[in-house]
Amino acid sequence: MPLESVELLKGLFDDGWNRSTTLQRKPTIQDITTVAPGGKRLDLSRADAIVLYETAHNEEQPEVFYDFVHTRINVTVDARTMEGRAQLMKMEDEIRRIVHASRKGDGVNFDRLLYKTRTDLSDRTKRLHRMTFQVEIVIFSELVV
């Protein structure tokens, strides 16, 4: 059974994170769907954080074979730190490295992984440095049952 999109990305980030590129700081990586109702506070003074959540799920019907669909799943990768803009840029570089290293797929769970967009949502008055990224998971020719 293939992994779900957020679980898949969480595994890639947990397994592939290189602490040496982010000043020996590995972020807390959370799937927002596993957080209890009412939320869970992130203590950004202790560790950086990455929150993952699915934002879109699209299916395309190939024109010749109606038994298959191409699936495109967008996941938001929300990176947060209070260690300054330089640390946020290091986190961005590491996120990009992990996504690009996995871009050809694993042959079981997905076929392509695309780094699409980023949005800076930093609030310097609160010393919160935050950036969101859109990552697209592509699955070709998924059988429709």
Side-chain angles (χ1 to χ4, degrees), residues 1-44 46-83 85-123 126 128-145:
M1 185 87 188
L3 295 173
E4 287 194 30
S5 58
V6 173
E7 185 181 345
L8 172 75
L9 277 183
K10 185 178 183 318
L12 290 175
F13 289 136
D14 272 333
D15 296 341
W17 197 269
N18 184 350
R19 296 172 63 105
S20 67
T21 61
T22 55
L23 302 176
Q24 298 304 318
R25 291 177 63 94
K26 182 176 180 183
T28 301
I29 303 168
Q30 289 186 331
D31 173 354
I32 203 166
T33 62
T34 62
V35 176
K40 179 179 177 183
R41 291 186 60 98
L42 296 170
D43 186 358
L44 294 176
R46 296 183 61 182
D48 300 330
I50 293 178
V51 179
L52 304 167
Y53 47 95
E54 188 176 307
T55 48
H57 187 114
N58 302 307
E59 291 184 357
E60 303 167 357
Q61 187 98 34
E63 294 192 21
V64 178
F65 302 108
Y66 294 106
D67 294 340
F68 297 93
V69 293
H70 299 319
T71 304
R72 295 180 177 275
I73 304 165
N74 286 325
V75 176
T76 297
V77 179
D78 188 339
R80 304 170 186 196
T81 185
M82 292 188 79
E83 292 296 310
R85 182 118 180 116
Q87 178 66 13
L88 183 63
M89 295 296 100
K90 290 179 186 333
M91 290 175 69
E92 175 191 6
D93 291 343
E94 187 62 12
I95 289 166
R96 287 182 71 228
R97 184 192 68 77
I98 291 168
V99 170
H100 287 303
S102 305
R103 70 182 175 267
K104 293 181 182 177
D106 64 3
V108 176
N109 296 297
F110 67 105
D111 296 304
R112 296 284 184 271
L113 194 61
L114 306 170
Y115 177 92
K116 293 182 74 174
T117 61
R118 74 170 196 183
T119 305
D120 191 343
L121 299 171
S122 297
D123 185 349
K126 295 180 182 174
L128 173 64
H129 299 277
R130 179 180 175 206
M131 198 170 285
T132 60
F133 309 90
Q134 293 299 313
V135 175
E136 185 174 70
I137 299 168
V138 182
I139 303 166
F140 294 125
S141 300
E142 190 173 23
L143 183 62
V144 178
V145 267

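Quick note: residue numbers are just sequence positions, from 1.
- Legend: residues meeting side chain to side chain donor-acceptor pair (under 3.5 Å) with Asp120, ordered by chain and number and at least two apart, are Arg85, Ser122.
- No donor-acceptor distance shorter than 3.5 angstrom exists from the side chain of Asp123 to the backbone of Leu128, with no hydrogens or angles considered.
- Sequence neighbours left out, the pairs with a member in residues 51-60 that pass salt bridge (Lys or Arg N to Asp or Glu O under 4.0 Å) are Glu60-Arg72.
- With sequence neighbours left out, the ring pair (Phe, Tyr, Trp, His ring centres under 6.0 Å) criterion links His57 to no other residue.
- Leu44 CG to Arg130 CZ: the interatomic distance, rounded to the nearest 0.5 Å, is 10.5 Å.
- Interatomic distance, CG of Leu88 versus CE of Met82, reported as 12.5 Å (0.5 Å rounding).
- Residues that satisfy the salt bridge (charged side-chain N to carboxylate O under 4.0 Å, His left out) test with Lys10, not counting sequence neighbours, are Asp14.
- Looking at residues two or more places apart in sequence or on another chain, you find a side chain to side chain contact (heavy atoms under 4.5 Å, CB included) between Gln134 and Thr55, Asn74, Thr76, Lys116, Thr117.
- The CG atom of Asn109 lies 4.5 Å from the CG atom of Asp106; values are rounded to the nearest 0.5 Å.
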After noting the C-alpha distance and the side-chain angles of Arg80 and His129, does the key distance pass the side chain to side chain contact (heavy atoms under 4.5 Å, CB included) rule?
CA-CA 6 Å; Arg80 304 170 186 196; His129 299 277; over 6 Å; no
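- From Ser102, atom OG reaches atom CZ of Phe110 across 5.5 Å, with rounding to the nearest 0.5 Å.
- With rounding to the nearest 0.5 Å, the separation of CG in Leu23 from CE in Met91 is 11.5 Å.
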Under the criterion side chain to side chain contact (heavy atoms under 4.5 Å, CB included), I'd like the reasoning laid out for Asp78 against Leu52: C-alpha separation, chi angles, the key distance, then a yes or no.
CA-CA 6 Å; Asp78 188 339; Leu52 304 167; over 6 Å; no
Phe13 and Ile95: side chain to side chain contact (heavy atoms under 4.5 Å, CB included), yes or no, with the steps?
CA-CA 8 Å; Phe13 289 136; Ile95 289 166; 4.0 Å; yes
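- Applying the side chain to side chain donor-acceptor pair (under 3.5 Å) rule to Asp43 yields the partners Ser45; only residues at least two apart in sequence or on another chain are considered.
- Qualifying side chain to side chain contact (heavy atoms under 4.5 Å, CB included) partners for Phe140, counting only residues two or more places apart in sequence or in other chains: His70, Asp111, Arg112, Val138.
- Side-chain atoms of Asp67 and Val144, non-hydrogen and from C-beta on, never get closer than 4.5 Å to each other.
- Side chains of Val77 and Thr132 form no contact here, defined as non-hydrogen atoms less than 4.5 Å apart.
- No more than 12 heavy atoms of other residues, nucleotides or ligands sit less than 6.0 Å from atom NZ of Lys90.
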With side chain to side chain contact (heavy atoms under 4.5 Å, CB included) as the test, would you mind laying out the steps for Asn58 and Thr71 before giving the verdict?
CA-CA 6 Å; Asn58 302 307; Thr71 304; over 6 Å; no
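- In terms of the side chain to side chain donor-acceptor pair (under 3.5 Å) criterion, residue partners of Arg25 (sequence neighbours excluded) are, by chain and number, Asp48.
- In this view, Asn18 and Ser20, Thr21, Glu94, Arg97 satisfy the side chain to side chain contact (heavy atoms under 4.5 Å, CB included) rule, not counting sequence neighbours.
- Both cation-pi conditions hold for Arg96 and Tyr115: the charged atom is under 6.0 angstrom from the six-membered ring centre and inside a 45 degree cone around its axis.
- In terms of the side chain to side chain donor-acceptor pair (under 3.5 Å) criterion, residue partners of Thr22 (sequence neighbours excluded) are, by chain and number, Trp17.
- The side chain to side chain contact (heavy atoms under 4.5 Å, CB included) check on Asp15 picks up nothing, with sequence neighbours excluded.
- Applying the ring pair (Phe, Tyr, Trp, His ring centres under 6.0 Å) test to Tyr53 and every residue at least two apart in sequence or in another chain returns nothing.
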